[in-house]
Q: 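Here it is, the structure, as structure tokens.
Here is how names work: the chains are called A, B, and so on, in the same order as the sequence lines, proteins then strands, and each is numbered from 1.
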Amino acid sequence: MQQYILRRAILNIFVLWIVATLVFFAVHVLPGNFAAQQFAGANLGGVTPEAIARAEAVLGLDKPVFEQYGTFLWDLVQFDLGESFRSKRSVWHELGRAVPYSIELGVLIVLVGFTIAIPVGIISAVKQDQLPDYLLRGGAIFALAAPVFWTASIGVILVLQWDLFKIDVDGQPHLWEDPRLALQWYLIPMFAGGIASTATTMRLLRSQMLEVLREDYVVTARAKGLPERTIILRHVLRNAWLPVLTVMGLTVATIIGSQIVLEQMFNVPGVGRLLFQAITLRDTPLLEGLVLVVAFVVVFTNLFVDLLYGLLDPRVRLA
Amino acid sequence: MNERNYWMRLRDRKISRRAMLRASGRAGVGVAGLALVGCGGDDDDDDQPQAVTQAQQQDQQQQQAMQEQQQQQAMQQQQAQQQASQEQQQQQAEQQAQQVEAQDQTQQEQAQQQAEEQAAVSRFDKTPVDGGTIVDITAVIFDSADASQSVSSEVLRVLGRIQSKLLRFANPDSGELAADLASGWETPDGQTVVLQLREGVIWHAEGPGADHPASSAGRPLTAEDLAWNIDRQKAGLLQDGTEGAFGRMGYWSSIDSIDIDAGAMTLNLASPNAAFLQGLANEFNLMGQPELLIAIEPDAVNVSADKVIGTGPYILTEWLPGESISAVRNPDYHSPGPRAHNWVWNQSFEDPTAYRIAFEQKQVDSLLTGGSELLQSIHEGAPDSTFLTYKGSAFPIAAYVNRIFEPWTDPRMVKAIDLAIDRRALIQQLAQGLGKVSGPVPWVQEAWAIPQEELADYAAYGLDRDAALREANELWSAAGGAEVGDIDWVNSEAYEATRPGSTEAVAQMFNQAFGTDQFKGVNQTYGEIFPAWFEKTFTTFFSWIPNLTVPDGRADLAAAFKTDAPGNYFSVSEPDEIDAKLDAAIQEFDYETANGLVREVQDFIIENGQFGRHIIYNAVEPTVAWNYLHPALKSETEGYTFESESLQALDSWIDPDDPSIEGRPEPEPRPI
């Protein structure tokens, strides 16, 4: 087991190095850099070749690419992700500020998504090809088809039109600081995001359950006279759970950096929004740092899910 | 309120058209009514008091004229009507009923309009009150805590309230100056500027900047402090001997020497410069405390509140980019202080939804960004509690071609492009009609620009597009345009992002103009575009060009067209027709003479197809604000085109009694 974990951890570090290298060169291939880009957002009148060259020198962008790459890797080995060109603060500081917001929003989205998807998936499977199944599957397809920005926009219009509650895009409170205000702020994005993520989980769970429901041991359980509730929850759901768990794990892992649209719309200063700003402004250190951290979360969450497999299903051997 | 301007005239014209329609309606009603009852009289007049504006007077005169006309017509028709049949009378009665209904509606509209106008007048006539916190919005890019080394308008938004200049603009668009650190000024000759320095000015005595170990809190401001600021920028060097990023070095270098006398500072210019004085009020020319500026030099790019000390109306208490920025009123300000007690900058909105939420829930007091459609729709959603103002954009939209490269080496091709640009169509297409065509000196520099009505006389700006296109095609054909192959027309990625489809629209415009498909739209970042300008390796371009910073159009024109000017990306070299005339205009203190010279230069430029620097238009930008906010405005409907941070700092105020303030969350500025 320990060997397996060690082997996977080393493999993950290799993957991270590949990601870091790809991101570094991809960013440097992009046309333009922060030194010039910052003028486009500010005052074009002050732009001179000297001003751009000076800004490039201050940011270290005047050095050869491979020298920059060497510095980047050396800093990375020391867990130094550098400073954001835009804020002039360390990337760790920026991440420290953004990650909690993304986790809050991500967890809320996942909660909403799974809270809807799991019962809906079960009901849909149990009531296969009956009216509830058709309705729920129709709803799932609608949720899958409706873009989050559309769902969220409808929510915003309703809230503003009827002045239902305050959406604190300015104050940006954390859940632990002001739970009521924070929940109000997150309410629309968490439902918009949650509903959108429902369909995949729900349909996967339904198909897995349908498969298990046809297994001999389920027939046997029914023949034994076990209550239907026990059969579904203890025998069917448990065995249909594994592939769903994989999807859930991946969802949790990627949700931190993937809420760009919702974070932009609701001014949530999370990782997705930071990523978007970093790309727009060519804020290289921030972009590299963010991608690496997201990659880290994804690969190690995968490892965690794989380990969880072993615990949930004794047939799976990790080592 | 100031003199009648473009927006007032626009509004007046709208009222006049409505009045004409109403008057026509009334005339019809009157004719029908008189025909039936055989008597005249206008019962439209009401005795309710109302603010009589010039527009309304015109309206009334027009109505009176129409009424007289309708009375005469009625008398004639009355005789004819006596012979009419009963059936006709019945029809007319029905018609009358409909028309009376229409009349009622018209009266209701008129009453509503009058109420709106009265409400607007009363809002702007209110006596300012002190107190409250203004919540503004700013972007997040701050390039330096030292204004003299900054090119960011966002830095100005903050530091313009914290620090002072030698002079400031009383009206940034007309160039009218007001005292700031200099209480008076005179120019005894074209080369000398004498500034009487204000007495009793002290650097901020409290706040993070005052607590910085290198700063001298509460110290009196001296003439030496001011001279140091100027000399430092003139030399362009930091304390360690390296070059600083002093963007106004060229401006300050026009000073030959500085004499300091008791209470006065004399700036001796190297040559006569009529445009120099206005530059002292340029928003970037803020004066910092020498000892603190020296101390923060190595790390000025990392902005924070403790790196800023000033003599301005506010003390900066927090400056955390991307998080929060706030300032509180300076109790020791040298002049009558600002009205609002605190200023908070909200920041980082990047999505129209966030803008809408923030504004509609009163988390910000006004919105300039987010797009004109959004701002107008927000106002339409709350027309009684919000107001819209408009201002010109200091960023001209232009199309460039580089005369160094084929096919633009042929002047006929350059002029053909100038004629093929359908400026008015682009305003409609890209700015939703919110804009005005600009000549070589854009219309926002109104004292120096060719007036709109005269601009229309030039083929490239004329209303007769067919004639312009005929000429363009003749030039295109004569220069062999069809044989030059594909032409990539570069648009800035940033512009395309804000105006989706603009890249394709521009290419399409040229294709249609020349009946070809040679023009292809291409997007590039400013990171690619700027170096190409500097190195003169660009071929084509369409988008924003460097913004205008002062209302005096002479300097900008010289910066773009003089032979040795850094902004002359077009390799223009016309010593007699451009260089000499612009030099003479800049040195000329008589406005009429100087303006005549500038006009001659503009004529010459347009005649030559603008040498590839085809100025197209300057947009008009709306701002929506809650009624409780009273920003500094040029008129009821018009904001300032040019940066006016010092003016906003002093003149903006919050009305705590305005009904629109209900439900506004109390802002939380960081205290000292």
Side-chain angles (χ1 to χ4, degrees), chain A residues 30-52 54-55 58-59 83-89 94 97 149 152-153 156-157 159-161 163 165-172 185 188 261 263-269 273-274 276-277 280-282, chain B residues 135 139-143 150-156 243-245 247-248 284 299 301-303 321-323 346 348-354 356-358 360-361 363-364 381 394-395 492-494 497 524-531 533-535 544-549 556 566 663 665 668:
Chain A
L30 283 176
N33 62 30
F34 182 83
Q37 205 64 15
Q38 65 176 338
F39 292 108
N43 184 320
L44 298 180
V47 186
T48 59
E50 295 76 24
I52 291 182
R54 206 178 294 114
V58 168
L59 300 171
E83 276 188 354
S84 161
F85 288 162
R86 176 181 62 95
S87 70
K88 315 290 189 304
R89 290 190 294 249
E94 293 291 334
R97 184 161 181 269
F149 69 82
S153 296
V156 168
I157 290 167
V159 170
L160 291 180
Q161 187 68 32
D163 200 15
F165 52 81
K166 183 182 179 186
I167 305 169
D168 199 357
V169 291
D170 171 23
Q172 303 171 334
W185 179 34
I188 296 173
V261 173
E263 288 182 359
Q264 283 283 104
M265 284 180 78
F266 292 88
N267 204 36
V268 180
R273 186 154 161 267
L274 211 54
F276 180 75
Q277 289 173 344
T280 312
L281 292 170
R282 308 287 191 271
Chain B
V135 184
V140 294
I141 298 181
F142 299 104
D143 57 358
S150 169
V151 293
S152 161
S153 303
E154 310 308 334
V155 168
L156 290 189
E243 284 184 9
R248 268 66 57 195
F284 277 106
D299 199 29
V301 291
N302 294 319
V303 303
E323 293 179 31
N346 198 321
S348 305
F349 296 128
E350 288 170 6
D351 189 274
T353 308
R356 182 181 280 277
I357 294 169
E360 292 199 9
Q361 296 201 332
Q363 295 170 44
V364 295
F395 285 85
S492 84
E493 202 179 61
Q524 284 186 359
T525 66
Y526 274 106
E528 296 168 276
I529 291 164
F530 287 145
W533 286 1
F534 303 144
E535 293 155 19
W544 295 296
I545 61 169
N547 56 324
L548 313 164
T549 52
D556 288 309
E668 294 173 359

Q: Decide yes or no for Glu360(B) and Val159(A): does some side-chain heavy atom of the first lie under 4.5 Å from some side-chain heavy atom of the second?
A: no
Q: Side chain, backbone, both or neither: which part of Pro352(B) has an atom under 4.5 Å from a heavy atom of chain A?
A: neither
Q: Over all heavy atoms of both residues, which pair between Thr353(B) and Met265(A) is shortest? Give the atoms and the distance, please.
A: OG1-CE, 3.5 Å
Q: Rounded to the nearest 0.5 Å, what's the gap from CZ on Arg356(B) to CD1 on Ile167(A)? Could you check?
A: 11.5 Å
Q: Any donor and acceptor pair, going by atom type alone, linking the side chain of Arg89(A) with main-chain N or O of Pro321(B) inside 3.5 Å?
A: yes
Q: What distance do Asp351(B) atom CG and Asn267(A) atom CG have between them, rounded to the nearest 0.5 Å?
A: 9.0 Å
Q: At a 4.5 Å cut-off on heavy atoms, which part of Phe149(A) comes close to chain B: side chain, backbone, both, or neither?
A: neither
Q: At a 4.5 Å cut-off on heavy atoms, which part of Val156(A) comes close to chain B: side chain, backbone, both, or neither?
A: side chain
Q: List the steps, then state whether salt bridge (charged side-chain N to carboxylate O under 4.0 Å, His left out) holds for Glu493(B) with Arg282(A).
A: CA-CA 13 Å; Glu493(B) 202 179 61; Arg282(A) 308 287 191 271; 3.8 Å; yes
Q: Which pair of heavy atoms, one from Ala354(B) and one from Val169(A), lies closest together, and at what distance?
A: O-CG2, 4.0 Å
Q: Partners of Arg97(A) by salt bridge (charged side-chain N to carboxylate O under 4.0 Å, His left out), sequence neighbours excluded?
A: Glu323(B)
Q: Can you tell which part of Glu243(B) gets under 4.5 Å to a heavy atom of chain A, answering side chain, backbone, both or neither?
A: both
Q: Heavy-atom pairs under 4.5 Å with chain A: which of Gly663(B), Ala497(B), Gly244(B) has the most?
A: Gly244(B)
Q: Determine the minimum heavy-atom distance between Gln363(B) and Asp168(A), stating which atoms define it.
A: OE1-OD1, 3.5 Å
Q: Between Gln361(B) (side chain only) and Asp163(A) (backbone N and O only), is there a donor and an acceptor less than 3.5 Å apart?
A: no
Q: With Ser153(A), which residues qualify under side-chain hydrogen bond (donor to acceptor under 3.5 Å, both in side chains), at least two apart?
A: none
